[in-house]
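Have a look at the structure below before the remarks.
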Amino acid sequence: MPRLTRADFERLDADDPLAPFRDRFTLPAGVIYLDGNSLGALPKSVPDRVHAMLTKEWGEHLIGGWLKDGWMVKPLELGDRLATLVGAGPGEVAVVDTTSVNLFKMLSAALAMRPDRRVILSNAENFPTDLYMAQGLIAQLGGRHALRIVAEHEIAGAIDKDTAVVMLTETNFKTGAVFDMAEISAAAHAAGALTLWDLAHSAGAFPVDLNGCNADFAVGCSYKYLNAGPGGPAWLFVAERHQKAAHQPLTGWLGHASPFDFALEYQPANGIRRHVCSSPGVIGLVAFEAALDVMLDADMAELRRKSVALCDLFINLVEQECGDAGARLISPRDAGLTAPWRRGSQVSFAHPDGYGIVQALIARGVVGDFRDPDVMRFGFAPLYQRYTDVWDAVAAMRAVLDAGEHRAEQYRVRAAVT
Ligand SMILES: Cc1ncc(COP(=O)(O)O)c(C=O)c1O
(Lines give C-alpha, C1' and ligand atoms only; values in the text may rest on other atoms or scores of the structure.)
Protein backbone atom coordinates (compact mmCIF):
# COMPACT_ATOMS: atom_id res chain seq x y z
CA MET A 1 0.00 0.00 0.00
CA PRO A 2 1.47 3.44 -0.97
CA ARG A 3 2.30 5.78 1.93
CA LEU A 4 -0.69 7.98 2.78
CA THR A 5 -0.36 11.75 3.10
CA ARG A 6 -2.72 14.42 4.51
CA ALA A 7 -3.51 15.50 0.92
CA ASP A 8 -5.14 12.09 0.31
CA PHE A 9 -7.49 12.77 3.23
CA GLU A 10 -8.29 16.30 2.08
CA ARG A 11 -9.29 14.91 -1.31
CA LEU A 12 -11.60 12.38 0.34
CA ASP A 13 -13.31 15.17 2.32
CA ALA A 14 -13.78 17.22 -0.83
CA ASP A 15 -15.52 14.29 -2.56
CA ASP A 16 -17.58 13.12 0.45
CA PRO A 17 -21.35 13.15 -0.26
CA LEU A 18 -22.06 13.03 3.49
CA ALA A 19 -19.85 16.05 4.28
CA PRO A 20 -22.80 18.53 4.53
CA PHE A 21 -24.20 16.57 7.51
CA ARG A 22 -21.35 17.78 9.73
CA ASP A 23 -22.91 21.23 9.76
CA ARG A 24 -25.99 19.81 11.43
CA PHE A 25 -24.01 18.97 14.59
CA THR A 26 -22.53 21.11 17.35
CA LEU A 27 -18.88 20.17 17.77
CA PRO A 28 -16.48 22.13 19.98
CA ALA A 29 -13.67 23.86 18.06
CA GLY A 30 -10.38 22.01 18.16
CA VAL A 31 -11.95 18.68 19.16
CA ILE A 32 -11.80 15.49 17.10
CA TYR A 33 -14.63 13.47 18.55
CA LEU A 34 -14.11 9.71 18.18
CA ASP A 35 -16.50 8.66 20.94
CA GLY A 36 -19.88 8.67 19.20
CA ASN A 37 -20.01 4.95 20.05
CA SER A 38 -20.41 6.00 23.71
CA LEU A 39 -22.29 9.29 23.44
CA GLY A 40 -23.21 10.75 20.07
CA ALA A 41 -22.63 14.45 19.35
CA LEU A 42 -25.39 17.04 19.70
CA PRO A 43 -27.49 17.66 16.55
CA LYS A 44 -28.11 21.40 16.24
CA SER A 45 -31.85 20.85 15.88
CA VAL A 46 -32.19 19.20 19.31
CA PRO A 47 -32.01 22.27 21.58
CA ASP A 48 -34.59 24.12 19.44
CA ARG A 49 -36.93 21.14 19.42
CA VAL A 50 -36.62 20.64 23.18
CA HIS A 51 -37.05 24.36 23.77
CA ALA A 52 -40.22 24.38 21.65
CA MET A 53 -41.58 21.39 23.55
CA LEU A 54 -40.93 23.11 26.87
CA THR A 55 -42.18 26.57 26.02
CA LYS A 56 -44.90 26.03 23.41
CA GLU A 57 -46.17 22.55 24.19
CA TRP A 58 -45.80 22.32 27.97
CA GLY A 59 -45.76 26.08 28.61
CA GLU A 60 -48.84 26.91 26.56
CA HIS A 61 -50.79 23.71 26.20
CA LEU A 62 -50.16 22.37 29.70
CA ILE A 63 -51.87 19.00 30.14
CA GLY A 64 -53.46 19.39 26.71
CA GLY A 65 -50.07 18.44 25.26
CA TRP A 66 -50.76 14.75 25.86
CA LEU A 67 -53.27 14.87 23.00
CA LYS A 68 -52.61 18.11 21.13
CA ASP A 69 -48.87 17.52 20.81
CA GLY A 70 -49.11 13.74 20.59
CA TRP A 71 -47.06 13.11 23.76
CA MET A 72 -49.05 9.98 24.58
CA VAL A 73 -48.49 8.27 21.24
CA LYS A 74 -44.87 9.37 20.87
CA PRO A 75 -43.29 6.08 22.06
CA LEU A 76 -45.05 4.23 19.24
CA GLU A 77 -44.90 6.97 16.63
CA LEU A 78 -41.18 7.37 17.16
CA GLY A 79 -40.91 3.57 17.24
CA ASP A 80 -42.40 3.38 13.75
CA ARG A 81 -39.88 5.90 12.44
CA LEU A 82 -36.98 4.13 14.10
CA ALA A 83 -38.29 0.85 12.66
CA THR A 84 -37.36 2.01 9.17
CA LEU A 85 -33.73 2.27 10.27
CA VAL A 86 -33.50 -1.21 11.80
CA GLY A 87 -35.42 -3.28 9.27
CA ALA A 88 -38.59 -3.56 11.34
CA GLY A 89 -42.18 -2.92 10.32
CA PRO A 90 -44.82 -0.54 11.68
CA GLY A 91 -46.06 -1.59 15.12
CA GLU A 92 -42.95 -3.63 15.92
CA VAL A 93 -40.87 -1.01 17.79
CA ALA A 94 -41.60 1.09 20.89
CA VAL A 95 -39.31 3.79 22.31
CA VAL A 96 -39.48 3.25 26.06
CA ASP A 97 -37.53 2.83 29.29
CA THR A 98 -33.81 2.02 29.29
CA THR A 99 -31.85 -0.68 27.50
CA SER A 100 -31.35 -2.68 30.70
CA VAL A 101 -35.04 -2.49 31.64
CA ASN A 102 -36.04 -3.50 28.12
CA LEU A 103 -33.64 -6.44 28.27
CA PHE A 104 -35.45 -7.61 31.41
CA LYS A 105 -38.83 -7.23 29.74
CA MET A 106 -37.89 -8.96 26.48
CA LEU A 107 -36.01 -11.76 28.21
CA SER A 108 -39.02 -12.39 30.46
CA ALA A 109 -41.29 -12.53 27.42
CA ALA A 110 -38.97 -14.95 25.61
CA LEU A 111 -38.57 -17.31 28.60
CA ALA A 112 -42.33 -17.44 29.11
CA MET A 113 -42.73 -18.45 25.46
CA ARG A 114 -40.40 -21.43 25.97
CA PRO A 115 -41.67 -22.85 29.31
CA ASP A 116 -40.01 -26.26 28.86
CA ARG A 117 -36.52 -24.84 28.34
CA ARG A 118 -34.22 -23.47 31.02
CA VAL A 119 -31.17 -21.94 29.36
CA ILE A 120 -30.41 -18.35 28.42
CA LEU A 121 -27.37 -18.61 26.15
CA SER A 122 -24.99 -15.67 25.92
CA ASN A 123 -21.32 -14.90 25.46
CA ALA A 124 -18.54 -13.87 27.80
CA GLU A 125 -17.79 -10.79 25.71
CA ASN A 126 -21.34 -9.46 26.07
CA PHE A 127 -21.89 -6.09 27.71
CA PRO A 128 -22.18 -6.79 31.46
CA THR A 129 -25.61 -5.21 31.96
CA ASP A 130 -27.10 -7.84 29.64
CA LEU A 131 -25.66 -10.63 31.78
CA TYR A 132 -26.59 -8.89 35.04
CA MET A 133 -30.20 -8.41 33.94
CA ALA A 134 -30.40 -12.10 33.01
CA GLN A 135 -29.01 -13.05 36.43
CA GLY A 136 -31.55 -10.81 38.18
CA LEU A 137 -34.41 -12.29 36.18
CA ILE A 138 -33.30 -15.85 36.89
CA ALA A 139 -33.30 -15.10 40.63
CA GLN A 140 -36.71 -13.46 40.31
CA LEU A 141 -38.07 -16.57 38.58
CA GLY A 142 -36.94 -18.77 41.47
CA GLY A 143 -33.64 -20.03 40.05
CA ARG A 144 -35.23 -22.51 37.63
CA HIS A 145 -33.25 -21.12 34.70
CA ALA A 146 -29.53 -20.93 34.00
CA LEU A 147 -27.38 -18.38 32.21
CA ARG A 148 -24.91 -20.26 30.05
CA ILE A 149 -21.97 -18.15 28.99
CA VAL A 150 -19.64 -19.35 26.23
CA ALA A 151 -17.04 -17.64 24.06
CA GLU A 152 -18.24 -15.54 21.12
CA HIS A 153 -17.09 -18.10 18.53
CA GLU A 154 -18.79 -20.97 20.37
CA ILE A 155 -22.32 -19.52 20.34
CA ALA A 156 -23.70 -21.18 17.21
CA GLY A 157 -22.47 -24.61 18.33
CA ALA A 158 -23.79 -24.19 21.88
CA ILE A 159 -27.47 -23.78 20.95
CA ASP A 160 -29.35 -26.95 21.87
CA LYS A 161 -32.79 -28.23 22.79
CA ASP A 162 -32.52 -26.79 26.28
CA THR A 163 -31.88 -23.26 24.97
CA ALA A 164 -34.88 -20.98 25.49
CA VAL A 165 -33.28 -17.81 24.19
CA VAL A 166 -29.98 -16.74 22.65
CA MET A 167 -29.23 -13.28 24.04
CA LEU A 168 -26.44 -11.41 22.24
CA THR A 169 -25.16 -7.90 21.73
CA GLU A 170 -24.79 -7.83 17.96
CA THR A 171 -21.70 -5.59 18.00
CA ASN A 172 -19.04 -6.39 20.61
CA PHE A 173 -18.61 -3.22 22.68
CA LYS A 174 -14.85 -3.72 23.07
CA THR A 175 -13.74 -5.01 19.68
CA GLY A 176 -16.52 -3.89 17.33
CA ALA A 177 -16.86 -7.46 15.97
CA VAL A 178 -20.39 -8.16 14.68
CA PHE A 179 -22.32 -11.42 14.98
CA ASP A 180 -24.00 -12.77 11.86
CA MET A 181 -27.58 -12.11 12.94
CA ALA A 182 -29.18 -14.11 10.13
CA GLU A 183 -26.99 -17.15 10.69
CA ILE A 184 -27.45 -17.23 14.47
CA SER A 185 -31.18 -16.61 14.25
CA ALA A 186 -31.46 -19.52 11.81
CA ALA A 187 -29.45 -21.79 14.12
CA ALA A 188 -31.56 -20.75 17.12
CA HIS A 189 -34.80 -21.34 15.29
CA ALA A 190 -33.65 -24.72 13.97
CA ALA A 191 -33.19 -25.75 17.62
CA GLY A 192 -36.54 -24.25 18.68
CA ALA A 193 -34.96 -21.31 20.54
CA LEU A 194 -35.67 -17.58 20.31
CA THR A 195 -33.22 -14.69 19.84
CA LEU A 196 -32.85 -11.41 21.72
CA TRP A 197 -30.45 -8.87 20.19
CA ASP A 198 -28.94 -5.85 21.92
CA LEU A 199 -28.31 -3.32 19.15
CA ALA A 200 -26.75 -0.56 21.29
CA HIS A 201 -23.66 -0.44 19.06
CA SER A 202 -25.45 -1.31 15.81
CA ALA A 203 -28.48 0.96 15.26
CA GLY A 204 -27.33 4.05 13.38
CA ALA A 205 -23.84 2.59 12.98
CA PHE A 206 -24.61 0.39 9.95
CA PRO A 207 -27.69 -1.03 8.19
CA VAL A 208 -29.63 -3.35 10.50
CA ASP A 209 -32.25 -5.72 9.09
CA LEU A 210 -34.19 -7.29 11.97
CA ASN A 211 -36.93 -8.84 9.87
CA GLY A 212 -34.58 -9.78 7.05
CA CYS A 213 -32.57 -11.73 9.63
CA ASN A 214 -35.69 -13.20 11.25
CA ALA A 215 -34.89 -11.75 14.68
CA ASP A 216 -37.45 -12.38 17.44
CA PHE A 217 -36.73 -9.65 20.01
CA ALA A 218 -34.33 -6.71 20.17
CA VAL A 219 -33.46 -3.73 22.33
CA GLY A 220 -31.22 -0.73 21.82
CA CYS A 221 -30.29 2.69 23.12
CA SER A 222 -30.56 6.09 21.47
CA TYR A 223 -27.58 7.92 22.92
CA LYS A 224 -24.71 6.38 20.94
CA TYR A 225 -24.90 6.42 17.13
CA LEU A 226 -28.47 7.81 17.26
CA ASN A 227 -27.34 11.02 18.99
CA ALA A 228 -30.35 11.47 21.34
CA GLY A 229 -28.25 12.69 24.29
CA PRO A 230 -27.07 11.26 27.61
CA GLY A 231 -29.58 8.77 29.03
CA GLY A 232 -31.89 9.23 26.03
CA PRO A 233 -34.85 6.82 25.81
CA ALA A 234 -34.20 3.24 24.77
CA TRP A 235 -36.28 1.08 22.46
CA LEU A 236 -37.49 -2.48 22.00
CA PHE A 237 -38.59 -4.66 19.09
CA VAL A 238 -41.02 -7.57 19.14
CA ALA A 239 -41.48 -9.35 15.81
CA GLU A 240 -45.07 -9.14 14.66
CA ARG A 241 -45.44 -12.92 14.66
CA HIS A 242 -44.82 -13.02 18.44
CA GLN A 243 -46.99 -10.14 19.51
CA LYS A 244 -49.96 -12.21 20.66
CA ALA A 245 -47.81 -14.55 22.71
CA ALA A 246 -45.24 -12.09 24.09
CA HIS A 247 -46.01 -10.70 27.55
CA GLN A 248 -43.71 -8.66 29.75
CA PRO A 249 -43.87 -8.45 33.54
CA LEU A 250 -43.79 -4.66 34.08
CA THR A 251 -47.53 -4.35 33.72
CA GLY A 252 -47.90 -0.62 34.18
CA TRP A 253 -51.06 1.23 33.33
CA LEU A 254 -49.96 2.49 29.92
CA GLY A 255 -49.54 -1.08 28.68
CA HIS A 256 -53.16 -1.73 29.65
CA ALA A 257 -55.74 -2.21 26.88
CA SER A 258 -57.76 0.78 28.18
CA PRO A 259 -55.70 2.78 30.65
CA PHE A 260 -58.33 5.44 31.16
CA ASP A 261 -60.96 2.90 32.24
CA PHE A 262 -58.95 2.62 35.46
CA ALA A 263 -60.10 -0.99 35.81
CA LEU A 264 -58.75 -3.07 38.72
CA GLU A 265 -57.62 -5.98 36.53
CA TYR A 266 -54.63 -5.67 34.19
CA GLN A 267 -55.55 -6.43 30.58
CA PRO A 268 -52.63 -6.15 28.15
CA ALA A 269 -53.06 -3.90 25.14
CA ASN A 270 -52.81 -5.62 21.78
CA GLY A 271 -49.57 -5.28 19.89
CA ILE A 272 -46.42 -3.41 20.83
CA ARG A 273 -48.20 -1.03 23.25
CA ARG A 274 -48.31 -3.71 25.96
CA HIS A 275 -44.54 -3.25 26.24
CA VAL A 276 -44.99 0.36 27.31
CA CYS A 277 -45.13 0.65 31.09
CA SER A 278 -45.31 4.25 32.27
CA SER A 279 -45.85 7.86 31.25
CA PRO A 280 -43.26 8.63 28.59
CA GLY A 281 -40.44 11.07 29.30
CA VAL A 282 -41.43 13.55 26.63
CA ILE A 283 -38.37 15.81 26.86
CA GLY A 284 -36.09 12.88 26.05
CA LEU A 285 -38.43 11.66 23.33
CA VAL A 286 -38.48 14.95 21.44
CA ALA A 287 -34.69 15.18 21.66
CA PHE A 288 -34.54 11.70 20.11
CA GLU A 289 -37.11 12.68 17.49
CA ALA A 290 -35.03 15.65 16.33
CA ALA A 291 -31.84 13.57 16.29
CA LEU A 292 -33.52 10.78 14.36
CA ASP A 293 -34.67 13.22 11.68
CA VAL A 294 -31.03 13.92 10.89
CA MET A 295 -30.15 10.24 10.70
CA LEU A 296 -33.17 9.42 8.53
CA ASP A 297 -32.07 12.03 5.99
CA ALA A 298 -28.87 10.07 5.38
CA ASP A 299 -28.51 7.19 2.97
CA MET A 300 -27.54 4.17 5.09
CA ALA A 301 -25.59 2.47 2.30
CA GLU A 302 -23.53 5.65 1.88
CA LEU A 303 -23.10 5.89 5.64
CA ARG A 304 -21.80 2.34 5.76
CA ARG A 305 -19.38 2.98 2.87
CA LYS A 306 -17.94 6.01 4.66
CA SER A 307 -17.82 4.24 8.03
CA VAL A 308 -15.80 1.39 6.53
CA ALA A 309 -13.50 3.81 4.72
CA LEU A 310 -12.85 5.88 7.88
CA CYS A 311 -12.17 2.79 9.99
CA ASP A 312 -9.96 1.13 7.35
CA LEU A 313 -7.96 4.33 6.91
CA PHE A 314 -7.55 4.69 10.66
CA ILE A 315 -6.24 1.13 10.96
CA ASN A 316 -3.80 1.62 8.07
CA LEU A 317 -2.60 4.96 9.35
CA VAL A 318 -2.09 3.83 12.96
CA GLU A 319 -0.07 0.92 11.61
CA GLN A 320 1.86 3.20 9.23
CA GLU A 321 2.61 5.98 11.71
CA CYS A 322 2.59 4.24 15.10
CA GLY A 323 3.37 0.66 14.10
CA ASP A 324 6.51 0.61 16.25
CA ALA A 325 4.59 1.48 19.44
CA GLY A 326 3.15 -1.97 20.08
CA ALA A 327 -0.55 -1.23 19.55
CA ARG A 328 -2.35 -4.43 18.54
CA LEU A 329 -5.51 -4.29 16.41
CA ILE A 330 -8.29 -6.23 18.16
CA SER A 331 -11.12 -5.24 15.81
CA PRO A 332 -11.76 -7.39 12.74
CA ARG A 333 -9.58 -6.10 9.91
CA ASP A 334 -12.23 -6.92 7.33
CA ALA A 335 -15.41 -4.87 7.93
CA GLY A 336 -17.69 -6.43 5.32
CA LEU A 337 -19.04 -3.97 2.76
CA THR A 338 -22.14 -6.10 2.27
CA ALA A 339 -24.03 -8.08 4.94
CA PRO A 340 -23.10 -10.06 6.94
CA TRP A 341 -21.14 -7.26 8.54
CA ARG A 342 -17.96 -8.24 10.39
CA ARG A 343 -17.02 -4.96 12.08
CA GLY A 344 -19.22 -2.13 13.37
CA SER A 345 -18.24 1.53 13.23
CA GLN A 346 -15.40 1.46 15.75
CA VAL A 347 -11.76 0.47 15.79
CA SER A 348 -10.02 -0.85 18.90
CA PHE A 349 -6.36 -1.32 19.62
CA ALA A 350 -4.93 -3.02 22.69
CA HIS A 351 -1.87 -1.45 24.28
CA PRO A 352 -0.39 -1.91 27.78
CA ASP A 353 -0.39 1.91 28.18
CA GLY A 354 -3.81 2.23 26.56
CA TYR A 355 -5.36 4.24 29.39
CA GLY A 356 -2.54 6.80 29.37
CA ILE A 357 -2.55 7.08 25.58
CA VAL A 358 -6.31 7.73 25.49
CA GLN A 359 -6.05 10.32 28.28
CA ALA A 360 -3.11 12.07 26.62
CA LEU A 361 -5.03 12.13 23.33
CA ILE A 362 -8.03 13.67 25.09
CA ALA A 363 -5.72 16.33 26.50
CA ARG A 364 -4.80 17.11 22.88
CA GLY A 365 -8.48 17.30 21.86
CA VAL A 366 -8.78 13.81 20.33
CA VAL A 367 -11.56 12.10 22.25
CA GLY A 368 -11.70 8.30 22.29
CA ASP A 369 -12.24 6.07 25.31
CA PHE A 370 -10.71 3.17 27.19
CA ARG A 371 -12.08 -0.18 28.33
CA ASP A 372 -10.44 -2.50 30.80
CA PRO A 373 -7.86 -4.03 30.70
CA ASP A 374 -5.99 -2.38 27.79
CA VAL A 375 -8.48 -1.44 25.07
CA MET A 376 -8.37 1.93 23.27
CA ARG A 377 -11.66 2.48 21.45
CA PHE A 378 -12.18 4.91 18.61
CA GLY A 379 -15.72 5.32 17.27
CA PHE A 380 -16.43 6.72 13.81
CA ALA A 381 -19.71 8.53 13.17
CA PRO A 382 -19.80 9.20 9.42
CA LEU A 383 -22.32 12.04 9.71
CA TYR A 384 -19.91 14.31 11.53
CA GLN A 385 -16.46 12.79 11.07
CA ARG A 386 -14.10 14.10 8.41
CA TYR A 387 -11.43 12.05 6.70
CA THR A 388 -8.88 14.64 7.80
CA ASP A 389 -9.94 13.89 11.41
CA VAL A 390 -8.45 10.42 10.89
CA TRP A 391 -5.15 11.93 9.77
CA ASP A 392 -5.06 14.50 12.58
CA ALA A 393 -6.02 11.95 15.25
CA VAL A 394 -3.20 9.63 14.25
CA ALA A 395 -0.76 12.56 14.07
CA ALA A 396 -1.76 13.39 17.66
CA MET A 397 -1.19 9.75 18.68
CA ARG A 398 2.29 9.85 17.17
CA ALA A 399 3.03 13.10 19.04
CA VAL A 400 1.79 11.60 22.34
CA LEU A 401 4.01 8.55 21.89
CA ASP A 402 7.06 10.59 20.84
CA ALA A 403 6.78 12.90 23.84
CA GLY A 404 5.88 10.07 26.26
CA GLU A 405 2.82 12.08 27.38
CA HIS A 406 0.92 8.86 28.11
CA ARG A 407 3.34 8.05 30.94
CA ALA A 408 2.46 11.20 32.89
CA GLU A 409 1.88 10.77 36.62
CA GLN A 410 -1.79 11.84 36.49
CA TYR A 411 -2.70 8.89 34.23
CA ARG A 412 -1.49 6.25 36.69
CA VAL A 413 -4.86 6.19 38.47
CA ARG A 414 -7.97 5.64 36.39
CA ALA A 415 -10.95 7.98 36.61
CA ALA A 416 -14.44 6.67 37.55
CA VAL A 417 -15.59 6.92 33.91
CA THR A 418 -13.00 5.75 31.39
C1 LIG B 1 -24.34 -3.16 24.54
C2 LIG B 1 -24.89 -2.29 25.63
N3 LIG B 1 -26.04 -2.62 26.22
C4 LIG B 1 -26.57 -1.87 27.21
C5 LIG B 1 -25.93 -0.73 27.65
C6 LIG B 1 -26.45 0.08 28.82
O7 LIG B 1 -27.72 0.45 28.66
P8 LIG B 1 -28.53 1.36 29.69
O9 LIG B 1 -27.56 2.10 30.55
O10 LIG B 1 -29.30 2.28 28.80
O11 LIG B 1 -29.41 0.45 30.46
C12 LIG B 1 -24.73 -0.34 27.05
C13 LIG B 1 -24.04 0.88 27.50
O14 LIG B 1 -23.03 1.30 27.02
C15 LIG B 1 -24.20 -1.15 26.03
O16 LIG B 1 -23.04 -0.82 25.45
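Here the structure is a predicted model, which is why all the values come from computation and not from measurement. Computation of the quantities below employed the complete heavy-atom set of this structure, encompassing side-chain atoms and omitting hydrogens, waters and symmetry-equivalent molecules. Atoms within each ligand, like the ligands themselves, are counted from 1 in listed order.
- Taking 4.0 Å as the cut-off between side-chain N and carboxylate O, Asp293 and Arg24 do not count as a salt-bridged pair.
- At the top of the distance list for atom 12 (C) of ligand 1, counting protein heavy atoms only, stands Phe127 CE2, 3.4 Å.
- Contact atoms of ligand 1 toward Lys224: 13 (C), 14 (O), 16 (O) (distance under 4.0 Å to a heavy atom of the residue).
- For the pair Leu194 and His242, the minimum side-chain heavy-atom distance is below 4.5 Å.
- The proximity of Thr129 to ligand 1, defined as any non-hydrogen pair under 4.0 Å, is limited to the side chain.
- Taking 4.0 Å as the cut-off between side-chain N and carboxylate O, Arg148 and Asp162 do not count as a salt-bridged pair.
- For the pairing with Thr169, the side chain to side chain donor-acceptor pair (under 3.5 Å) check across Thr99, Asn123, Asn126 returns one residue only, Asn126.
- Remark: ligand 1 atoms within the under-4.0 Å shell around heavy atoms of Asp130 are 3 (N).
- Nearest protein neighbour of atom 9 (O) of ligand 1, counting heavy atoms only, is Tyr223 OH, 3.4 Å.
- The nearest pair of heavy atoms linking Leu285 to Pro233 is CD2-CG, 3.9 Å.
- Residue contacts with ligand 1: Ser100 is placed with a nitrogen or oxygen under 3.5 Å of a nitrogen or oxygen of the ligand (distance criterion only).
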Practice prompt. Could you check Val101 against Val219 for side chain to side chain contact (heavy atoms under 4.5 Å, CB included), going step by step and ending with a plain yes or no?
Written response: CA-CA 10 Å; Val101 170; Val219 300; over 6 Å; no

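- Close contacts of ligand 1 with Thr169, meaning ligand atoms under 4.0 Å from a residue heavy atom, involve 1 (C).
- Remark: minimum distance from atom 16 (O) of ligand 1 to any protein heavy atom is reached at His201 NE2, 2.8 Å.
- Side-chain atoms of His189 and Asp216 form a donor-acceptor pair, as typed in the model, at a separation below 3.5 Å.
- Among the atoms of Asp198, some N or O lies under 3.5 angstrom from an N or O of ligand 1.
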